[in-house]
Every structure is written in C-alpha cells, then in structure tokens.
Student: 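My questions will all concern the structure given below.
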Amino acid sequence: MKITKKFRLLLTITGIFWVFPFNSTLAKDEGNTKLSEKPAFEEVYKKLDTQVRAALKEDQDKGIIELERVGRLLSKDYPKEFMPYAMLSAVAQMTPDSEKSLKILKELTALDDSDPKIARIIEKAKGQLKKREALGKPLDMKFTAVDGREVDLSQMKGKVVLIDFWATWCGPCVREIPSVKKTYDELHKQGFEIIGISMDSDKKKLESFLAKNEMPWPQFFDGKGWKTSLAQEHGISSIPAMWLVDKKGNLVDQNARSALEEKVKKYLSL
C-alpha cells in the first residue's frame with residue numbers, strides 16, 4: 001500500500017522522523033546477558049530512516065503499528081528525548097482504534113513537562129482529549145475579533161454557528177470559501193452564523209483577503225500560525241476544520257465541511 005497524502009501531512013504536522021525497530025540494547029556475552037553501550041539517539045535515527053520509509057510505503061496500517069512499537073521502545077531507552085513521544089502522538093491521531101488513541105493521549109498528558117519540547121506534546125495531547133470530550137457538550141469560545149467585534153459563543157444560543165478553523169495560505173480552506181459563503185448568504189437570515197479562527201501570521205494579509213473575498217463574519221487572529229491559541233486549545237491539528245454548534249450551544253459536528261448546507265438546514269429546523 002502506498003503512503004497516503006493524509007499520512008504524509010500528519011507526519012509533517014507533528015514533525016516526526018520515521019523510524020524502524022532496532023536491536024535491543026541487551027547483548028549476549030559468553031552466555032550471559034548484559035547491557036551494551038547505548039548508541040547516541042541521533043545515530044539510531046540516521047541509520048534507520050531509510051528502512052522505515054520503505055516499511056510505511058509498503059503497508060500504512062502495519063507502519064502505524066511499527067510506529068507505536070518503536071515509539072514505546074525509544075521512550076523507554078531514551079526517556080528524555082521528545083521524539084518518541086511525538087511518534088506516539090502521531091499514532092494517536094492516525095490509528096483507527098479509538099480506544100488505543102485515547103489510551104496514548106492519556107499517557108502523554110501524564111508526562112513530565114519540564115522539557116519545553118515534551119511540554120508542547122503534552123499540551124497537544126490535552127487539546128486532542130478536549131476535542132474528543134467536547135462533542136455533544138456546550139462549547140465555550142470568547143474573543144475580540146480582528147475587526148474589534150466582541151464574540152461570545154455562549155450569547156449566540158438560538159443560532160446555528162459554524163466555527164471555521166482556516167488560513168489564507170491553506171489551499172483546501174480557500175477552495176471551501178465559495179461553498180461557505182453560499183450557505184451563509186442563503187441561511188444567515190434564518191439564524192446561521194459563522195465564526196472564523198484564522199491560523200495566519202500576517203494580519204494585513206488576512207484583512208486584505210477578508211475584504212477582497214467579502215467575508216463579513218468575525219475572525220479570531222493572534223498571529224501565531226499553527227500555534228494559534230484557540231486552535232491549540234481545541235486540539236486542531238489540520239485544516240480546514242469546521243465545527244457546527246446547534247441552537248442550544250452544543251457542539252454537534254466536528255466535520256461540518258461535508259454536506260455543510262444540508263447540516264445547517266437540519267439544525268435550523270430543530
């Protein structure tokens with residue numbers, strides 16, 4: 001099986017180098033097992049990268065299994081390195097096994113956060129857990145928009161609200177704009193609202209884009225790109241990501257990009 005574009009994207013987002021199982025640090029000498037000198041972490045990566053790429057290209061599902069196995073092995077042998085935990089974080093995102101994913105995320109949140117790189121992985125895991133737990137519950141979101149408007153999701157009950165995590169540099173996001181605008185124009189008077197969460201880093205570019213494309217809904221912007229605070233807080237690891245909040249203020253869909261207009265009409269009718 002060839003590696004998919006989605007898989008490559010996830011690896012890019014998490015910043016992971018592919019790895020492959022290596023021999024244990026245990027070595028045998030004259031019939032007795034003893035610890036051998038452990039090789040440098042960087043050296044292990046350099047030697048195994050080529051093998052890992054081949055394994056993942058051959059079978060993605062087995063590659064994910066190997067990714068977890070090696071991540072756990074490396075975290076045991078090199079507990080102070082952040083990369084093994086980043087590998088496990090990627091497994092949590094990619095595995096189709098929801099129970100396994102949940103278990104790994106909980107393990108990651110329990111790590112020592114004294115190392116800044118590991119701390120970022122912990123925060124990401126916390127965001128992923130929060131994202132999982134948010135569905136079907138009231139969603140809290142409050143900020144001052146880039147144009148100065150005050151936005152408080154808790155004050156928008158009675159409306160159906162689309163929360164669009166996006167960026168001007170994101171091709172798929174830009175391609176969704178005509179569909180989003182069409183739905184907004186047709187259903188806004190019936191109670192449909194949109195909140196944009198921009199993951200841009202250039203405010204002037206964002207403001208110019210909004211004006212040119214006539215996007216009248218409020219936009220959150222803090223200039224942090226992939227580290228945009230509301231995206232981090234809600235476990236967003238890829239965009240476009242579209243969430244739908246019903247008239248009671250509950251998050252009811254975390255994949256509203258699919259059949260958006262039909263979904264909005266459905267929740268407006270309830």
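Position 1 is the first residue of the sequence, and the numbers go up from there.
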Student: Do you reckon L135 sits in the same ILVMFWY cluster as L102, going by side-chain contacts under 4.5 Å, direct or chained?
Tutor: no
Student: Taking salt bridge (Lys or Arg N to Asp or Glu O under 4.0 Å) as the cut-off, I'd like each qualifying pair that reaches into residues 253-270, sequence neighbours left out, listed once.
Tutor: E176-R257, K182-E261, D253-K263, E261-K265
Student: Do the side chains of I194 and V180 get nearer than 4.5 Å, heavy atoms only?
Tutor: yes
Student: Can you tell me if K247 uses its side chain to pair, donor with acceptor, with the backbone of L270 under 3.5 Å?
Tutor: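 A pair under 3.5 Å: yes.
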Student: Do you know which two heavy atoms are closest between I122 and L108, and how far apart they sit?
Tutor: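 Closest heavy-atom pair between I122 and L108: CG1-O, 3.4 Å.
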Student: Return the minimal non-hydrogen interatomic distance between G235 and K131, and the atom names on each side.
Tutor: O-CD, 3.6 Å
Student: In Å and rounded to the nearest 0.5 Å, what is the CE to CG distance from M87 to L73?
Tutor: 9.0 Å
Student: If the condition is side-chain hydrogen bond (donor to acceptor under 3.5 Å, both in side chains), which residues does E233 pass it with, not counting sequence neighbours?
Tutor: K130
Student: Counting N and O atoms only, with roles assigned by atom type, does the side chain of Y85 sit under 3.5 Å from a partner on the main chain of P79, one being a donor and the other an acceptor?
Tutor: yes
Student: Check whether any side-chain heavy atom of I163 sits under 4.5 Å from a side-chain heavy atom of L153, and report yes or no.
Tutor: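 I163 vs L153: side chains touch.
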Student: Which donor-acceptor pairs under 3.5 Å do side chains of residues 204-218 form with protein atoms, sequence neighbours excluded?
Tutor:
from, atom 1, to, atom 2, distance (Å)
N213, ND2, F209, O, 2.9

Student: Strictly below 4.0 Å, N to O, side chains only: are R149 and D147 in salt-bridge contact?
Tutor: yes
Student: Any sub-3.5 Å donor-acceptor pair from D200's side-chain atoms to D202's backbone N or O?
Tutor: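 The answer is no, because no donor-acceptor pair under 3.5 Å joins these two groups.
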Student: Taking side-chain hydrogen bond (donor to acceptor under 3.5 Å, both in side chains) as the test, write out the residues that go with K137, two or more places apart.
Tutor: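 Not a single residue meets the side-chain hydrogen bond (donor to acceptor under 3.5 Å, both in side chains) criterion with K137.
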Student: Would L74 and E81 satisfy side-chain contact (heavy atoms from CB on, under 4.5 Å), going step by step from the backbone distance to the final call?
Tutor: CA-CA 8 Å; L74 290 177; E81 295 288 343; over 6 Å; no
Student: Please find the pair of heavy atoms, one from A145 and one from V151, that lie closest to each other, and give the distance.
Tutor: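 Closest approach of A145 to V151: CB-CG2, 4.4 Å.
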Student: Treat each ILVMFWY residue as a node, draw an edge where side-chain heavy atoms are under 4.5 Å apart, and state whether V264 and W243 are in one component.
Tutor: no
Student: Heavy-atom count check: over 12 atoms from other residues, nucleotides or ligands less than 6.0 Å from E99 CD?
Tutor: no
Student: Quick check: do F41 and P84 have side-chain heavy atoms less than 4.5 Å from each other?
Tutor: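 Heavy-atom side-chain distance check passes, below 4.5 Å.
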Student: Do L251 and M141 touch side chain to side chain, with heavy atoms closer than 4.5 Å?
Tutor: no
Student: What residues form a ring pair (Phe, Tyr, Trp, His ring centres under 6.0 Å) with Y267, not counting sequence neighbours?
Tutor: none
Student: Output all residues satisfying side-chain hydrogen bond (donor to acceptor under 3.5 Å, both in side chains) with W166, sequence neighbours left out; order by chain, then residue number.
Tutor: Q219
Student: Would you say the side chain of Y78 lies within less than 4.5 Å of the side chain of M83, judging by non-hydrogen atoms?
Tutor: no
Student: Report the C-alpha distance between Q128 and S237 in whole Å, list the side-chain angles of each, state the deciding distance to 0.1 Å, and finish with yes or no for side-chain contact (heavy atoms from CB on, under 4.5 Å).
Tutor: CA-CA 9 Å; Q128 288 291 322; S237 58; 3.8 Å; yes
Student: Specify the closest pair of heavy atoms between L162 and M242, including all atoms of both residues, with the distance to one decimal.
Tutor: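 Scanning both residues completely, I find the closest heavy atoms to be CD1-CB, 3.7 Å.
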Student: For residues 83-159, which residue pairs pass the disulfide (SG to SG under 2.5 Å) check, not counting sequence neighbours?
Tutor: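 Counting only pairs at least two positions apart or across chains, no disulfide (SG to SG under 2.5 Å) contact touches residues 83-159.
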Student: Could you list all the ring pair (Phe, Tyr, Trp, His ring centres under 6.0 Å) pairs where at least one residue sits in residues 185-205, not counting sequence neighbours?
Tutor: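 Ring pair (Phe, Tyr, Trp, His ring centres under 6.0 Å) check on residues 185-205 returns Y184-H188.
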Student: Does I177 share a hydrophobic cluster with I197, counting links as ILVMFWY side-chain heavy atoms below 4.5 Å and allowing steps through other members?
Tutor: no
Student: Using side-chain heavy atoms (C-beta onward) and a distance below 4.5 Å, is E107 in contact with K103?
Tutor: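 SC-SC contact between E107 and K103 confirmed.
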Student: Same cluster for I239 and V146 if Ile/Leu/Val/Met/Phe/Trp/Tyr side chains link at under 4.5 Å?
Tutor: no
Student: Would you say Q93 and S101 are linked by a side-chain donor-acceptor pair, where the criterion is simply a distance under 3.5 Å?
Tutor: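 No pair is found: no donor N or O on one side chain lies under 3.5 Å from an acceptor on the other.
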Student: Considering only heavy atoms from C-beta outward, does the side chain of L129 approach that of T109 to under 4.5 Å?
Tutor: yes
Student: Is it true that D97 and T95 share a donor-acceptor pair across their side chains at a distance under 3.5 Å?
Tutor: no
Student: Is E68 salt-bridged to K100, cutoff N-O under 4.0 Å?
Tutor: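 Result for this pair is yes, salt bridge flagged.
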Student: Taking L139 as the fixed residue, which of V252, V161, V245 is the one that meets the side chain to side chain contact (heavy atoms under 4.5 Å, CB included) rule?
Tutor: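 The residue from V252, V161, V245 that satisfies side chain to side chain contact (heavy atoms under 4.5 Å, CB included) with L139 turns out to be V245.
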Student: Report yes or no: do M156 and F165 belong to one cluster of Ile/Leu/Val/Met/Phe/Trp/Tyr joined by side chain heavy-atom distances under 4.5 Å?
Tutor: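 They do share one cluster, since a chain of ILVMFWY contacts under 4.5 Å joins M156 to F165.
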Student: Per the disulfide (SG to SG under 2.5 Å) rule, what does the pair list look like for residues 186-225, sequence neighbours excluded?
Tutor: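 Every candidate disulfide (SG to SG under 2.5 Å) pair involving residues 186-225 fails, so no pair, neighbours aside, qualifies.
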Student: Work out which heavy atom in R72 is nearest to a heavy atom in L88; give both atom names and the distance.
Tutor: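 Residues R72 and L88, closest heavy atoms: CG-CD2, 3.9 Å.
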Student: Which residue pairs satisfy the disulfide (SG to SG under 2.5 Å) criterion with at least one member in residues 155-233, sequence neighbours excluded?
Tutor: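 Found C170-C173.
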Student: Salt bridge (Lys or Arg N to Asp or Glu O under 4.0 Å) for R120 and E123? Distances and angles first, verdict last.
Tutor: CA-CA 5 Å; R120 287 197 290 271; E123 287 305 309; over 6 Å; no
Student: For residues 142-164, pull every pair meeting ring pair (Phe, Tyr, Trp, His ring centres under 6.0 Å), keeping only residues two or more places apart or in separate chains.
Tutor: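 For residues 142-164: F143-F220.
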Student: side-chain contact (heavy atoms from CB on, under 4.5 Å), that's the test. Do K142 and S154 meet it? Break it down for me.
Tutor: CA-CA 8 Å; K142 186 177 181 179; S154 68; over 6 Å; no
Student: Who are the ring pair (Phe, Tyr, Trp, His ring centres under 6.0 Å) partners of F221, not counting sequence neighbours?
Tutor: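 None.
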Student: For M199 and A231, which heavy atoms make the closest approach, and how far apart are they?
Tutor: CE-CB, 3.8 Å
Student: For residues V174 and T168, determine if any side-chain heavy atom of one lies less than 4.5 Å from a side-chain heavy atom of the other.
Tutor: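 Of all side-chain heavy-atom pairs linking T168 with V174, none is under 4.5 Å.
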